[in-house]
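Working notes, structure below.
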Amino acid sequence: MTSTITPHTASPCFQLKGSMITMMTLELYRFDELNLHHQLQGLVAKAPRFFENTPVVVGLENLHDPEGPIDLPRLCSLCAGFGINLIAIRGGNADHRTSASDAGLACLPAQPASAARKVPSATHSFDSNPASSVTPLKKENVTPIHQNESGLNNTVSPEPSDARKDEPAPESPVYQTPKIISSPIRSGQQVFHDGDLILTGPVSTGAEVLVTGNLYAYGAFRGRALVGVKGNGQARIFCTHFEAELVSIHGHYKMAAAMDKSLWKQAVQVYLQDDSLALKQLT
Amino acid sequence: MARIIVVTSGKGGVGKTTTSAALSTGLALQGHRTVVIDFDIGLRNLDLVMGCERRVVYDFINIINGEAALHQALIKDKHTDNLFVLPASQTRDKDALTPEGVAQVLETLSKEFDYIVCDSPAGIERGALMALYHADEAIITTNPEVSSVRDSDRILGILHSKSRRAELNLEPVREHLLLTRYDPTRVERGDMLSVEDVTDILAIPLLGVIPEDDTVLKASNQGMPVIHLEDSDAGNAYDDAVQRFLGQECPMRFLEAPRKGLLQRIFGGQG
């Protein structure tokens with residue numbers, strides 16, 4: 001997939017090396033934005049950390065309509081909304097490559113047909129979209145990826161800006177950078193943010209954090225966390241050090257006294273399941 | 001330009017005035033020209049602790065209202081060179097503190113002094129807000145118990161949102177935690193929050209730990225800042241805190257309960 005160029009000049013500052021990197025490939029069958037969004041959402045819901053800090057290549061060899069236009073900047077922002085970092089396209093025609101360079105993606109040569117066939121068919125499947133009639137094997141718009149060998153050993157670097165959007169409100173697929181607050185939130189302070197919020201400092205007892213999207217708290221969280229406050233039942237709360245006085249999603253709330261004490265000071269996520277709050281330890 | 005230091009806590013009775021007296025005396029003893037201002041208008045206390053209550057003629061409010069000149073109201077401390085006290089008024093209330101007046105007084109003092117220590121009243125109302133508004137540094141005086149910690153946390157939030165530095169988007173106020181009335185024996189018994197418990201909640205650097213000490217009360221009643229007493233643990237701890245404030249490395253003391261001697265352990269029974 002990469003070539004080797006190694007310049008040998010006097011005392012070089014660097015060396016170019018070809019290396020084989022196992023990379024996730026998102027094989028696109030057709031670019032149907034709405035379905036794509038829907039299916040990505042399903043995928044990310046099943047495995048929220050699946051794409052975290054993982055570069056992804058879009059494979060265009062198996063497009064149902066190889067000449068059809070694909071709005072790659074749009075695809076990029078759609079994927080970014082789920083925390084999927086597209087870095088390149090593979091294959092595709094000249095128009096696709098132009099669109100890719102507009103989106104800031106690199107262009108890789110198409111994979112030879114023999115290699116492409118090794119796609120494990122059992123990686124994933126979605127039930128949301130009925131089979132398309134063209135190729136019976138390929139049921140979906142997207143098959144998430146062949147992960148060859150040790151492909152997914154994410155070396156997670158805690159880059160806050162990479163924070164993924166877990167389940168954004170369906171009507172806003174556009175990637176919104178989450179807001180990051182690193183100073184402590186003190187007793188009596190109230191923080192509101194429209195969108196996702198990342199807190200790297202502590203939140204004290206008596207402080208209140210309200211967000212319309214998801215809340216990620218990396219410091220000790222001792223205040224009140226209210227997410228999905230404008231009616232997003234999909235919003236979640238993630239705390240690495242959970243001591244919240246109160247958690248609330250979309251109006252459903254739970255006080256500390258009603259919470260399982262074994263979760264105290266643990267890494268915890270809170271989400272809405274069948275109209276009741278589920279608090280689960282993150283392992 | 002002087003550094004303006006506010007000694008504040010939210011909660012009352014935790015040792016703000018004692019700390020203001022000790023800190024300003026400590027700074028002056030190190031050769032810094034220092035003035036300590038009592039912002040507790042209506043409940044004048046600082047002059048008692050500083051032992052200058054009989055020499056109060058004019059006060060802070062007189063200056064704000066233009067009824068006296070600044071040098072008429074400043075009381076030179078009789079124990080320490082370089083130290084002046086600006087007392088509060090006992091006959092007025094905190095509404096007499098106007099933002100313009102306070103700003104003007106502080107600006108004038110800034111030109112003459114190295115440090116201005118503002119002794120904040122309890123609460124989060126006008127007096128406390130006026131005391132902290134101009135601060136460059138804040139000494140958050142906290143007792144190791146939950147309500148004091150909660151109130152300190154609240155006042156830290158106010159420093160972040162309502163101080164001059166916050167409003168003008170300048171470099172934030174430097175915050176220092178001063179834990180007072182610390183009793184290691186009670187901490188070991190689990191009756192009292194430990195240093196770690198408090199720093200974990202407040203998440204600001206620790207300036208010092210002042211042990212619970214009978215000499216504090218005695219010193220206050222005598223009008224002698226406790227830092228003058230050489231055989232007082234609290235006085236020594238304040239001394240250390242001043243050194244740290246001035247950037248000296250200084251190990252924390254008085255964090256361990258005094259160990260019982262061998263005989264006491266043998267004959268001390270359950271005690």
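On a predicted model such as this, the values are computed, not experimentally measured, just so you know. Per chain, numbering begins at 1; letters A, B, ... match sequence-line order.
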Query - Electrostatic pair Arg222(A):Asp200(B) at N-O distance under 4.0 angstrom - result: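 Answer for the salt bridge query: yes.
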To the nearest 0.5 Å, what is the distance between [atom1] on [X] and [atom2] on [Y]?
| X | Y | atom1 | atom2 | value |
| --- | --- | --- | --- | --- |
| Ser187(A) | Leu156(B) | OG | CG | 10.0 Å |
| Ile185(A) | His160(B) | CD1 | NE2 | 10.5 Å |
| Arg154(B) | Ser204(A) | CZ | OG | 11.5 Å |

Requested in this report: Compare every heavy atom of Thr205(A) with every heavy atom of Asp153(B), then report the nearest pair and how far apart it is.
Outcome: OD2-O, 4.2 Å
Query raised in the report: Would you say Arg186(A)'s side chain and Leu202(B)'s backbone share a donor-acceptor pair under 3.5 angstrom?
Result: yes
Within a radius of less than 6.0 Å around [atom1] of [X], do more than 12 heavy atoms belonging to other residues, nucleotides or ligands occur?
| X | atom1 | value |
| --- | --- | --- |
| Glu188(B) | CD | yes |
| Leu34(A) | CG | no |
| Arg244(B) | CZ | yes |
| Phe192(A) | CZ | yes |
| Lys254(A) | NZ | yes |

